[in-house]
Every structure is written in structure tokens, then in C-alpha cells.
2 protein chains.
Amino acid sequence: MSDTVRPREEVSIADVAERAGVSVATVSRVLNGHTNVREATREKVRQAVAASGYRINELARNLRTAESRLLLTMVPDFGNPFYAAIVRGIDSVARQNGYFMLLCDTGADPLRERSYFDLLRGRRADGAICLDPAAVQKALAEEASTLPWVACCEFDPSAGVPYVGIDNHLAAGDVVRYLTAKGHRKIALINSGQGYLYGQQRLAGFRDALADAGIEPHPAWLVELDSLDYDAGERAAAQLAALGEARPTAAFAVSDTLAIGVMNGFRGAGYAVPDDVAVVGFDDIAVAAHVDPPLTTVSQPMQLLGETAAGLLLKRLRDPRAEVPGVLLPHRLIQRRSA
Amino acid sequence: MSDTVRPREEVSIADVAERAGVSVATVSRVLNGHTNVREATREKVRQAVAASGYRINELARNLRTAESRLLLTMVPDFGNPFYAAIVRGIDSVARQNGYFMLLCDTGADPLRERSYFDLLRGRRADGAICLDPAAVQKALAEEASTLPWVACCEFDPSAGVPYVGIDNHLAAGDVVRYLTAKGHRKIALINSGQGYLYGQQRLAGFRDALADAGIEPHPAWLVELDSLDYDAGERAAAQLAALGEARPTAAFAVSDTLAIGVMNGFRGAGYAVPDDVAVVGFDDIAVAAHVDPPLTTVSQPMQLLGETAAGLLLKRLRDPRAEVPGVLLPHRLIQRRSA
DNA sequence: TTGAAAGCGCTAACAT
DNA sequence: ATGTTAGCGCTTTCAA
């Protein structure tokens with residue numbers, strides 16, 4: 001047992017003031033680095049702080065200053081590695097600006113999302129970045145329109161909420177053009193349901209590009225899943241493989257996890273990738289380069305997406321009535337061996 | 001423009017009280033569901049709340065009640081899918097008990113970890129669960145020993161901090177015994193550096209089990225990485241493959257990501273898995289079952305790990321001087337095709 | 001340069 | 001059943 005610094009019960013600023021023989025105002029000034037305190041006094045206070053093991057109660061400070069310097073990031077499922085780099089981007093600019101970024105897993109559940117928004121309403125966080133599906137954002141957008149938040153990746157352009165994302169319509173078109181340039185005309189789309197805006201946009205981009213190439217897609221080549229699981233992709237591929245003659249020669253999955261499942265599914269059905277079927281994914285998550293064959297995929301500028309989102313939010317926080325634009329960032333098709 | 005509910009500037013409880021023609025105490029009672037308020041009064045208050053668009057300021061409430069009902073979970077890298085299920089476990093029991101769980105990415109950086117601990121010190125969170133490497137926990141354990149936190153997966157048994165994890169020594173031994181039972185005697189360990197306790201423990205378990213089997217491992221078969229990347233595993237395998245005659249016939253990687261890299265590395269060097277080399281991983285992350293060949297690995301009860309950690313923390317919060325035990329949960333070897 | 005004192009918005013003890 | 005009031009721990013005028 002040492003008798004050095006050990007916090008007793010709940011030391012307050014008044015205790016420190018008493019100990020240092022000054023007023024609480026002076027202690028507060030020292031704590032906040034105000035310059036108008038004599039060096040000698042400043043030192044006395046420092047001593048008292050150290051000796052008492054005092055820690056400022058930020059709850060009290062926040063109540064007074066009416067800000068928490070906490071930012072929330074809401075993701076539908078942080079088990080999805082896609083979000084990792086985005087969140088890192090958010091985190092880094094938040095930290096650079098003196099904010100903490102805390103992550104919330106909403107499970108894409110509107111109720112849970114709402115409960116996190118309540119942290120904003122209750123002034124316990126200063127702002128939020130929401131990556132939830134557009135559909136669940138929509139449920140809140142109206143009542144939450146006065147709250148300081150921005151949308152990332154998923155957004156409703158008409159909601160009046162600042163957002164950042166990519167041009168999914170264009171990206172899907174790029175994939176189709178890449179595939180048709182390689183001679184494919186029988187191209188399947190493995191999509192993940194319409195709750196996500198990106199699903200709708202990529203479907204549209206897929207369709208439009210196909211139409212531009214004068215290709216009429218077989219209805220069975222449009223598969224809508226309600227999952228991003230490997231298994232779901234695998235089942236979709238099995239289903240596609242069972243088409244026999246009408247089997248597609250290329251498959252575009254809207255996520256890498258799905259694409260990896262698709263590759264497995266085709267392999268299981270006796271088809272080789274890319275020789276029998278080409279497979280393209282989306283996102284370029286870490287494992288994409290390390291499956292066999294390495295996955296051709298669309299890469300999003302994830303870090304930048306996050307940084308931009310955080311930037312928009314901070315701007316909105318600084319000036320609540322500033323015009324904050326929606327921004328679209330460029331994607332890139334990464335060619336590997338699967339297509 | 002509608003003239004319905006629209007929050008004016010910062011409505012306070014006093015505004016609501018005035019509007020309802022009652023005292024702030026009564027409003028507070030209604031807000032907190034106290035029963036000793038007449039139904040008619042209660043209703044007046046409800047009306048006033050609705051009409052004013054009032055939202056309680058939880059910062060103020062928290063200052064008063066001295067609790068935030070926020071729990072923090074610190075992970076070294078949430079890009080690592082291993083943490084997903086654990087965090088979900090924590091989240092679910094936190095929510096069941098009326099707490100919010102917020103996730104912090106420390107990047108295994110002691111400074112960042114410390115800054116999150118400051119949220120505890122500043123009373124902005126009630127408790128924390130730390131999954132950071134034992135080494136970085138250690139740096140804080142002493143000064144943070146009075147703070148309400150528990151360790152999960154990584155822990156220092158001698159630190160006096162409640163913890164939950166698995167028996168890594170035993171698990172590594174299980175892998176070795178599984179491999180030797182299959183006839184392997186040349187077994188490599190691909191480890192991830194000694195900053196992590198699990199690395200040390202799995203190394204020890206590996207060594208001990210080998211010794212028990214009367215096997216003396218070739219020094220070159222013990223490779224220590226400082227990364228969990230696919231690439232790192234790939235390089236390690238290439239290195240092992242280059243050993244020629246002295247090449248191991250089996251490799252045990254301490255994480256699935258590493259193991260997947262190892263498989264790629266061996267494949268790249270012309271060796272087939274499992275025929276030329278058997279590969280075993282650790283964690284059983286989602287993709288493990290979906291690589292080719294599917295990965296044999298040690299599965300941790302991740303959800304339960306998280307639930308247990310949250311349980312320990314809540315117990316400690318309810319009774320700060322309760323004896324909170326360290327607990328070890330069972331693991332399981334999942335046999336697939338890679339070994 | 002320093003101190004006294006008024007709140008920030010809420011809860012809870014004490015009165016009535 | 002309801003109101004009055006004293007804080008929670010801090011920051012920030014305003015005075016000295």
C-alpha cells in the first residue's frame with residue numbers, strides 16, 4: 001500500500017479550491033487554461049489538483065457549456081467489415097477536432113436507431129452520422145430533421161439531410177460495361193433487397209447499362225436476397241447454376257461477401273470461376289484480395305467517405321444554418337482474377 | 001410550413017411547468033413515472049410536454065443522479081470481425097438492463113485507450129469493458145484500478161480486474177493433440193506477437209502439448225508476426241514453404257485471418273491444403289466456413305463472452321465492493337476440411 | 001489577478 | 001397531491 005495519490009470519495013472543484021486556498025473560479029480558470037492567472041497561483045492549483053487526485057466532472061461542465069463533444073456513428077451491423085474503414089475515417093477527423101466518436105450498432109432496427117437519436121435529443125451527444133439503410137432513416141428523417149446529423153452511404157437526397165456517398169448507379173453501370181466488353185451478354189445481378197438505397201440504385205444502373213448495350217436480361221438473372229451472408233450468395237449461385245442452358249456467364253453481386261458466396265456456389269455446382277462464370281463483387285473488403293480466385297470488385301473510398309461525413313457534420317455543428325451540400329465521391333473498379 | 005409541434009429554442013422543464021400551470025417538481029414526477037400525481041394533473045403535464053416539444057436534458061438529469069447509463073466497450077480494432085459477436089453479446093445485456101453500449105476503437109493505442117477511460121473518470125460513462133491487448137491494459141490497470149471496468153478475452157489475472165475469457169493454453173493444446181492424432185509431427189505455429197496475452201498463452205499451450213507428445217519443434221516453425229493481416233499469414237507460409245525438407249506438414253495460426261493467408265501462401269508455393277499441409281485457425285469468424293477449403297478452427301463462445309463480460313460489469317456497478325470473479329468459458333474445435 | 005455569486009436543467013427532501 | 005427549495009459540479013459574468 002502506498003500513500004501516494006489516491007482519489008478519495010468524489011473530489012470536487014470546491015475541494016481543490018479550498019486546498020489551494022483560492023476560489024473555485026480560479027481553479028476553473030487554471031483548468032481551462034485561461035491566461036489571466038498569476039503563475040504562482042496557477043502552480044498552487046496544480047499542486048492541489050495533483051494532491052487530491054481530482055478529476056473534472058465533465059457532466060457538470062457539459063451541462064454548463066451545453067455540449068458534450070461526443071459524436072455518434074450509427075451502423076446497421078458492425079460485423080460487416082465494410083464499415084470498418086469508414087468509421088476509422090470518421091474517428092480520425094473527429095479526434096483531430098477534439099471530439100470523441102462512439103459507435104452504435106442499430107441492427108438496422110428503427111426502434112434502436114431512434115433510441116440512439118434520443119442521445120442527441122437529450123444533449124448527451126452533439127451530433128451523429130448515420131449509415132443505416134435509407135428506409136430506416138426515412139422513418140426518422142422527418143422528426144429528426146432539426147437534429148444535427150448527416151447521412152453516409154445511404155441517404156435520401158430529398159430528405160434535406162446532408163449526405164455523402166458514391167454514385168451507385170454509375171458504379172453498377174461500370175461493372176456491366178466491363179463485363180460486356182469482355183464479351184458477356186448473360187449477366188446476373190445478385191442484389192440484397194430494396195431496403196437499401198444502394199440496392200435500388202445498383203439495380204437501376206445495372207438495368208440501364210444493359211439496355212444501353214441492347215441486352216434484355218433474363219428475369220431469373222435478377223435475384224433479390226434479403227441478406228449479405230456468404231450463405232445467401234451461395235444459394236443464389238446454386239439457383240443460377242441450376243438454370244442449365246439459361247445459366248448466366250457472369251454474375252455481379254452487390255457486396256463482396258455475397259460475391260464470395262456466389263463463387264463457392266458455382267464451384268459447388270461444378271463451374272469454375274472465372275472460366276465458366278465471371279464474378280464481380282462490391283466494396284473491396286480486406287478478404288476480397290485473399291480468396292481464390294481473388295475477387296474483381298468495385299472499391300469505394302471508404303476512409304474518405306468517413307472523413308467527409310465527419311467534416312460535413314462538424315460544419316453543421318459550427319454553423320447550424322450553414323448550407324451543407326450532398327457529396328458524391330468517386331469509386332473504382334479493381335480488376336483481379338474472378339472476372 | 002405547419003404550425004404543429006416544433007421545438008422552439010431549448011424548452012426547459014420550467015417552461016413546461018409554467019405552461020401546465022404546475023411546479024417543476026410535478027413535471028419531474030410525471031416525467032419519471034412517479035405515482036403520486038393526480039391523473040388530471042398528469043394529463044395537463046403531458047399536454048404541455050407535447051405542445052412545447054419538450055425533451056428532457058439528460059445531461060442535467062445525469063448530473064443530478066450521478067449516472068449516465070452509458071457503457072463503453074473498447075476494442076483494439078473493430079475492423080476485426082472477431083469482435084462483432086462479442087460486442088453484440090455485450091450490447092444485448094446492456095440494453096436489457098437499461099444501458100446504452102457505445103463502442104470505442106482504441107487502435108490498441110494506450111493513449112487513445114486512456115482518453116476513453118477519461119470518459120469514465122469524467123463520469124460521462126458508468127462503466128467499461130476492455131478488449132484491448134493485455135499489454136496496453138497493464139499500462140492503465142494500476143491507475144484505473146478504482147474505475148468500474150472489466151476485461152474481456154485479454155486480461156491480466158493478477159491485475160485484480162474482473163475478467164472473462166477462454167483457456168487459451170488448453171485450446172492450443174487441443175489443436176496440437178488433434179494434429180498429432182492425425183499423424184503430424186512437424187507442426188508450425190503462426191503467432192501474432194507477444195503484446196497479446198492470448199499469443200503468449202497459445203504459444204505455451206502449443207509448446208507444452210508438443211513436449212507431452214515427445215516432439216521437439218524446429219525453431220523455424222515458430223513464427224512470430226506483429227499483425228493479423230491476411231498478407232502476414234501469406235508471407236509466413238511462403239517462408240515456411242521455403243524450408244524444403246524441413247517444411248512443416250501442419251500449421252496452426254492463432255487467428256482465422258492469418259490461417260486464410262497461410263493457406264494462400266502455401267497454395268502459392270505449390271502446396272495443397274490439406275494434402276500437403278494441414279492448416280488450423282482460431283476464432284471461427286464468418287468467412288472461415290466459406291474459404292476453400294473450409295477452415296478447421298477453434299471456436300470461441302463469442303456471444304456468451306460478451307454477455308458474461310457485461311454481466312460482470314453490471315454486477316460491479318450495482319455493488320462496487322462485490323467480489324467479482326474471473327471466469328473462463330469453454331472453446332470448441334470445429335473440424336472442417338483444411339486439417 | 002482574484003473572488004462572489006448566479007445560473008445550466010434537473011431531482012429529491014422537505015413542507016404543506 | 002403538490003409546491004418550494006437546495007443542491008449536483010461546473011463556467012462565467014460582474015465587482016473588487
Side-chain angles (χ1 to χ4, degrees), chain A residues 7-46 48-49 52-70 118-126, chain B residues 7-46 48-49 52-70 118-126:
Chain A
R8 324 236 158 290
E9 283 308 317
E10 312 306 355
V11 183
S12 80
I13 195 172
D15 300 327
V16 175
E18 186 180 8
R19 192 168 197 132
V22 300
S23 73
V24 293
T26 299
V27 177
S28 175
R29 289 185 186 107
V30 174
L31 255 25
N32 292 287
H34 295 189
T35 47
N36 51 348
V37 180
R38 240 187 342 154
E39 182 51 35
T41 314
R42 187 179 296 278
E43 187 51 32
K44 271 195 305 187
V45 172
R46 279 205 209 93
V49 167
S52 61
Y54 169 73
R55 289 283 172 177
I56 196 165
N57 182 331
E58 315 216 31
L59 228 40
R61 164 184 282 178
N62 292 342
L63 174 59
R64 195 50 232 237
T65 59
E67 68 169 7
S68 65
R69 301 205 78 83
L70 255 35
D118 280 339
L119 291 176
L120 282 191
R121 294 198 183 86
R123 314 282 197 290
R124 310 214 283 169
D126 290 346
Chain B
R8 324 236 159 290
E9 283 309 315
E10 314 304 354
V11 184
S12 79
I13 196 172
D15 300 327
V16 175
E18 185 179 10
R19 193 167 196 135
V22 300
S23 74
V24 292
T26 299
V27 177
S28 176
R29 286 185 188 108
V30 174
L31 254 26
N32 291 287
H34 294 190
T35 48
N36 50 348
V37 180
R38 237 185 347 151
E39 182 52 35
T41 315
R42 187 178 297 278
E43 188 51 32
K44 272 196 304 188
V45 172
R46 279 206 210 93
V49 166
S52 61
Y54 169 73
R55 288 284 173 177
I56 197 166
N57 182 330
E58 314 216 31
L59 230 39
R61 165 184 281 177
N62 292 342
L63 175 59
R64 193 50 232 236
T65 60
E67 68 169 7
S68 65
R69 301 206 76 84
L70 255 37
D118 280 339
L119 291 176
L120 283 191
R121 295 198 183 86
R123 313 284 195 287
R124 309 213 286 169
D126 290 346

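The chains referred to below are lettered A, B, ... by the order of the sequence lines, with proteins before strands, and numbering in each begins at 1. No experiment lies behind these values; they were computed from the predicted model shown. Keep in mind that the numbers below use all heavy atoms, side chains included, and drop hydrogens, waters and symmetry copies.
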**Q** Report the distance from atom CG of B:Leu31 to atom P of C:dA12, rounded to the nearest whole Å.
**A** 12 Å

**Q** To the nearest Å, how far apart are B:Asp15 CG and C:dC10 C1'?
**A**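 Value for this atom pair: 13 Å.
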
**Q** Does the pair B:Asp118/B:Arg124 count as a salt bridge with the N-to-O cut at 4.0 Å?
**A** no

**Q** Let me check the geometry of the helix from C:dT1-D:dA16 to C:dT16-D:dA1. What is the bend angle between the axes at its two ends, five pairs each, to 10°?
**A**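 The end-segment axes of the helix from C:dT1-D:dA16 to C:dT16-D:dA1 are tilted 40° relative to each other.
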
**Q** Can you name the residues that form a side chain to side chain contact (heavy atoms under 4.5 Å, CB included) with B:Ala66, not counting sequence neighbours?
**A** none

**Q** Check A:Val49 against A:Val16 and note the closest heavy-atom contact, atom names and distance.
**A** CG2-CG1, 3.8 Å

**Q** Would B:Ser52 and B:Val11 count as a side chain to side chain contact (heavy atoms under 4.5 Å, CB included) here? Give the steps.
**A** CA-CA 7 Å; B:Ser52 61; B:Val11 184; 3.9 Å; yes

**Q** Under the side chain to side chain contact (heavy atoms under 4.5 Å, CB included) test, which residues partner A:Val24, sequence neighbours left out?
**A**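 Residues passing side chain to side chain contact (heavy atoms under 4.5 Å, CB included) with A:Val24: A:Ile13, A:Ala14, A:Ala17.
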
**Q** Could you list the donor-acceptor pairs under 3.5 angstrom formed between side-chain atoms of residues 33-40 of chain B and any protein atom two or more places apart in sequence or on another chain?
**A**
none

**Q** Considering residues at least two apart in sequence or located in another chain, which fulfil the side-chain hydrogen bond (donor to acceptor under 3.5 Å, both in side chains) criterion with A:Glu18?
**A** none

**Q** Considering residues at least two apart in sequence or located in another chain, which fulfil the salt bridge (charged side-chain N to carboxylate O under 4.0 Å, His left out) criterion with A:Arg69?
**A** A:Glu67

**Q** Listed by chain and number, what are the side-chain hydrogen bond (donor to acceptor under 3.5 Å, both in side chains) partners of A:Asn57, not counting sequence neighbours?
**A** none

**Q** Looking at every heavy atom in both B:Leu31 and B:Ile56, which two are closest together, and how far apart are they?
**A** CD2-CD1, 4.3 Å

**Q** Apply side-chain hydrogen bond (donor to acceptor under 3.5 Å, both in side chains) to A:Thr65 and list each qualifying residue two or more places apart in sequence or on a separate chain.
**A**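 For A:Thr65 there are no side-chain hydrogen bond (donor to acceptor under 3.5 Å, both in side chains) partners, ignoring immediate neighbours.
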
**Q** Is there a side-chain contact between A:Leu119 and B:Leu70, using heavy atoms and a 4.5 Å cut-off?
**A** yes

**Q** Which residues, if any, of residues 54-63 of chain A bring a heavy atom under 4.0 Å of DNA chain C?
**A** A:Leu63

**Q** With sequence neighbours left out, what residues match A:Ser28 under side-chain hydrogen bond (donor to acceptor under 3.5 Å, both in side chains)?
**A**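 Residues passing side-chain hydrogen bond (donor to acceptor under 3.5 Å, both in side chains) with A:Ser28: A:Asn32.
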
**Q** Below 4.0 Å from chain A heavy atoms, what is the first contacting nucleotide of DNA chain D and what is the last?
**A**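 Contact boundaries, 5' end first: D:dG9 to D:dT13.
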
**Q** Could you go through nucleotides 2-6 of chain C and list every protein N or O atom that sits under 3.5 Å from one of its N or O atoms, giving the distance for each pair?
**A**
residue : atom : partner : partner atom : Å
C:dT2   : OP1  : A:Arg38 : NE           : 3.1
C:dT2   : OP1  : A:Arg38 : NH2          : 3.1
C:dT2   : OP1  : A:Thr41 : OG1          : 2.2
C:dT2   : OP2  : A:Arg38 : N            : 2.6
C:dT2   : OP2  : A:Thr41 : OG1          : 3.3
C:dG3   : OP2  : A:Ser23 : N            : 2.9
C:dG3   : OP2  : A:Ser23 : OG           : 3.2
C:dG3   : OP2  : A:Thr26 : OG1          : 2.7
C:dG3   : N7   : A:Arg29 : NH1          : 3.3
C:dG3   : N7   : A:Arg29 : NH2          : 3.4
C:dG3   : O6   : A:Arg29 : NH2          : 2.5

**Q** In whole Å, what is the span from the CG atom of B:Asn32 to the P atom of C:dA13?
**A** 13 Å

